[in-house]
Amino acid sequence: MANNDLPEDIIVKILIRLPVKSLVRFRCVSKRWRSILSDSQFAKSHFRLASEQKTLSHRLLVSGSSSLESLDLEKPFGIGNESSVRELTCPLQQFGESVLLLGSCNGLVFIGLENCKHLSIWNPLLGLLHNLPAPGFSTKENSNVSLYYHGFAYVSATDDYKVIVAADFGDEVEVEVEIFSMRANIWKRIEAPIESVIQGEGVLLNEALHWLDDMNVLEPVIFAFDLVKEEFRKLQLPNFMGDGKDFRRLEVVYGGRLLVSRCTSCARDTFRYIDFWVMEEYGVCQSWTKLFDYEVSRKPGYWSLIPILVMETITLTVQMTSRADILVKHDHKEGKLTFHILDRYKWHMIKYEESLLWLSDYYAVEEKVKRLKTEHKS
């Protein structure tokens, strides 16, 4: 039987089990295959199956002052492993600024430039970019607008993608927060949490984005933003009674648990220590449990260690030295360390999964989405 004579449901059942990288190449096989692989329902089904079977391709997007790299988290870094790194180009690079990585979800990455400019959704694998309308922040003459905290998430309860951004104006004006709904295609102002100091990327769990607020030493907390109710709430962190370690990073780890990392001061210890804690039962402060400790010998020229990411098989940290900033990958199974040199002082990182998903279901007019080719260089 010729390939074109195969029933479409049989072709779909075969393709849906293949790796996403193969599917991108197979879009060129025929118009029929391209139509199947461009279908939004196929993309959703493929992503759901890959998630269930734990076959998603996990990568780390690294943005420097003039570069964008995608690192394969399933391969070692460094010399002899060049295939683990792809150089990417993104349309926002044309403005000559470092691309800010503001959130990721389902293979889509929320990006922008300084001063809340050119906020966009990007699929690095497919090379698709959608520019968001500008949020309705207050504008003042000579005001210095900067992103304070931000996040990007899929809300299954409403089948919607939402973006949240908070702007800091560098003066006495309080932080302004706006949320964007892809389905409604509109920004909306929401109230910022009172007496909070939260910054950076929100992490998604249980239909909520989460940020660490550790500025209150006596009572550090996690602020969670409920994406359905569109309101903030607090989650309690464990109280370590001023033991000399500071909360550094919040993320979601395997098993769907919140994780926080705590670091000692580099000036105080011969070794740089990090301990990682997970919330075993969501929302229950008493369920915080130590996952493991991590330490690195302090060598000449060594400044500090920054926790980046914990997965079931690896831990990523950045070692800052007098000569370079180095991304360190620790393989849990083999106990090996591999390294990747970063753009000094000017890097942003975000983990993402490669997928065929796009936003076409959220717009009635296809012309609203501009297709742009992403160049991959080995």
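Position 1 is the first residue of the sequence, and the numbers go up from there.
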query: Any donor-acceptor pair under 3.5 Å linking the side chain of T289 with the backbone of S287?
result: yes
- prompt: Would V62 and H340 count as a side chain to side chain contact (heavy atoms under 4.5 Å, CB included) if you check the C-alpha gap in whole Å, the side-chain angles of each, and the deciding distance to 0.1 Å?
  reply: CA-CA 11 Å; V62 182; H340 180 75; 5.6 Å; no
- prompt: Any side-chain heavy-atom pair from L126 and R27 closer than 4.5 angstrom?
  reply: yes
- prompt: Do the side chain of R59 and the main chain of S70 share a donor and acceptor less than 3.5 angstrom apart?
  reply: yes
message: Looking at R86 and E354, is any side-chain nitrogen of the basic one under 4.0 Å from a carboxylate oxygen of the acidic one?
response: yes
Members besides I186 in its Ile/Leu/Val/Met/Phe/Trp/Tyr cluster (side-chain heavy atoms under 4.5 Å): none
query: So, N106 versus S355: side-chain donor-acceptor pair below 3.5 Å or not?
result: no
field: Pairwise side-chain contact, T315 with F292, heavy-atom cut-off 4.5 Å (strictly under)
entry: yes
- prompt: Side-chain contact, heavy-atom cut-off 4.5 Å: M182 with V163?
  reply: yes
message: Before you tell me yes or no, could you show the steps for Q199 and Y148 under side chain to side chain contact (heavy atoms under 4.5 Å, CB included), namely the whole-Å CA-CA distance, both residues' side-chain angles and the distance that decides it to 0.1 Å?
response: CA-CA 5 Å; Q199 298 182 43; Y148 203 47; 4.1 Å; yes
field: Residues, nucleotides or ligands: over 12 heavy atoms within 6.0 Å of E114 CD
entry: no
- prompt: Is a donor on one side and an acceptor on the other found under 3.5 Å between the side chain of E230 and the backbone of I190?
  reply: no
task: State whether a side-chain donor-acceptor pair under 3.5 Å links S67 with E87.
output: no
task: Check for a donor-acceptor pair, side chain of R17 on one end and backbone N or O of K13 on the other, with a separation under 3.5 Å.
output: yes
query: Is the CD atom of E191 crowded by more than 12 outside heavy atoms at less than 6.0 Å?
result: no
- prompt: With no hydrogens and no angle check, is any side-chain donor or acceptor of W288 less than 3.5 Å from a backbone partner on W277?
  reply: no
query: Is any side-chain N of the basic residue among D275 and R262 closer than 4.0 Å to the acidic one's carboxylate O?
result: yes
query: Do the two ring centres, one from F339 and one from F77, sit under 6.0 Å apart?
result: no
query: Do Y154 and D159 have side-chain N/O donor and acceptor atoms under 3.5 Å apart?
result: yes
query: Does T338 reach the main-chain N or O of P76 with its side chain, forming a donor-acceptor pair under 3.5 Å?
result: no
field: Backbone of V85 reached by a side-chain donor or acceptor of E69 within 3.5 Å
entry: no
query: Nearest heavy-atom pair of S181 and K162: which atoms, and what distance?
result: CA-CG, 4.4 Å
message: Could you tell me if the side chain of I222 sits less than 4.5 Å from the side chain of W211, heavy atoms only?
response: no
task: Look up atom CD in E251 and atom CG in L212, then write down how far apart they are to the nearest 0.5 Å.
output: 11.5 Å
message: So, taking the atom named NZ in K117 and the one named CD in E97, what distance separates them when rounded to the nearest 0.5 Å?
response: 4.0 Å
- prompt: V221 versus Q236: any side-chain heavy-atom pair under 4.5 Å?
  reply: yes
- prompt: Is there side-chain contact between W358 and H130, with at least one heavy-atom pair below 4.5 Å?
  reply: yes
- prompt: Checking side chain to side chain contact (heavy atoms under 4.5 Å, CB included) for the pair V177/Y149: CA distance, chi angles, key distance, verdict?
  reply: CA-CA 9 Å; V177 185; Y149 54 90; 3.2 Å; yes
field: D361 CG to Y161 OH distance, which is reported to the nearest 0.5 Å
entry: 9.5 Å
field: Atom pair CD1 (I11) and CH2 (W33), whose distance is rounded to the nearest 0.5 Å
entry: 6.5 Å
task: Assess the pair H210 and Y282: is the distance between their ring centroids shorter than 6.0 Å?
output: yes
- prompt: Can you tell me how far CH2 of W347 sits from CD1 of I308, rounded to the nearest 0.5 angstrom?
  reply: 4.5 Å
message: To check you understand the geometry: which heavy-atom pair defines the closest contact between C263 and R248, and what is its length?
response: SG-CG, 3.4 Å
- request: Verify the cluster assignment for F223 and V284: are they in a single hydrophobic cluster under the rule of side-chain heavy atoms below 4.5 Å apart?
  value: no
- prompt: Between L68 and C90, which heavy-atom pair has the shortest distance, and what is it?
  reply: CD1-CB, 3.4 Å
message: Using every non-hydrogen atom in the two residues, find where I350 and L102 come nearest and quote the distance to one decimal.
response: CD1-C, 4.2 Å
- prompt: Taking the side chain from D213 and the backbone from V197, do they hold a donor-acceptor pair closer than 3.5 Å?
  reply: yes
task: Look at the aromatic rings of H330 and Y294 and report parallel, tilted or perpendicular, splitting at 30° and 60°.
output: tilted
message: If I take atom CG from residue L227 and atom CZ from residue F225, how far apart are they, to the nearest 0.5 angstrom?
response: 6.0 Å
message: Working note: F110 + L132, criterion side chain to side chain contact (heavy atoms under 4.5 Å, CB included); need CA distance, chi angles, decisive distance, verdict.
response: CA-CA 10 Å; F110 176 33; L132 302 180; 4.1 Å; yes
message: Could you check whether any side-chain N or O of S120 sits under 3.5 Å from a backbone N or O of H118, counting only pairs where one atom can act as donor and the other as acceptor?
response: yes
- prompt: Is it true that a side-chain atom of K21 and a backbone atom of L125 form a donor plus acceptor pair closer than 3.5 Å?
  reply: no
message: With a 4.5 Å cut-off on side-chain heavy atoms, are L60 and L327 touching?
response: yes
message: Can you give me the closest heavy-atom contact between F247 and V260, atom names plus distance?
response: CE2-CG2, 3.9 Å
message: If you define the side chain from C-beta out and look only at heavy atoms, does anything of D226 sit under 4.5 Å from N206?
response: no
query: Which pair of non-hydrogen atoms, one from A166 and one from F137, has the smallest distance, and what is that distance?
result: C-CZ, 4.4 Å
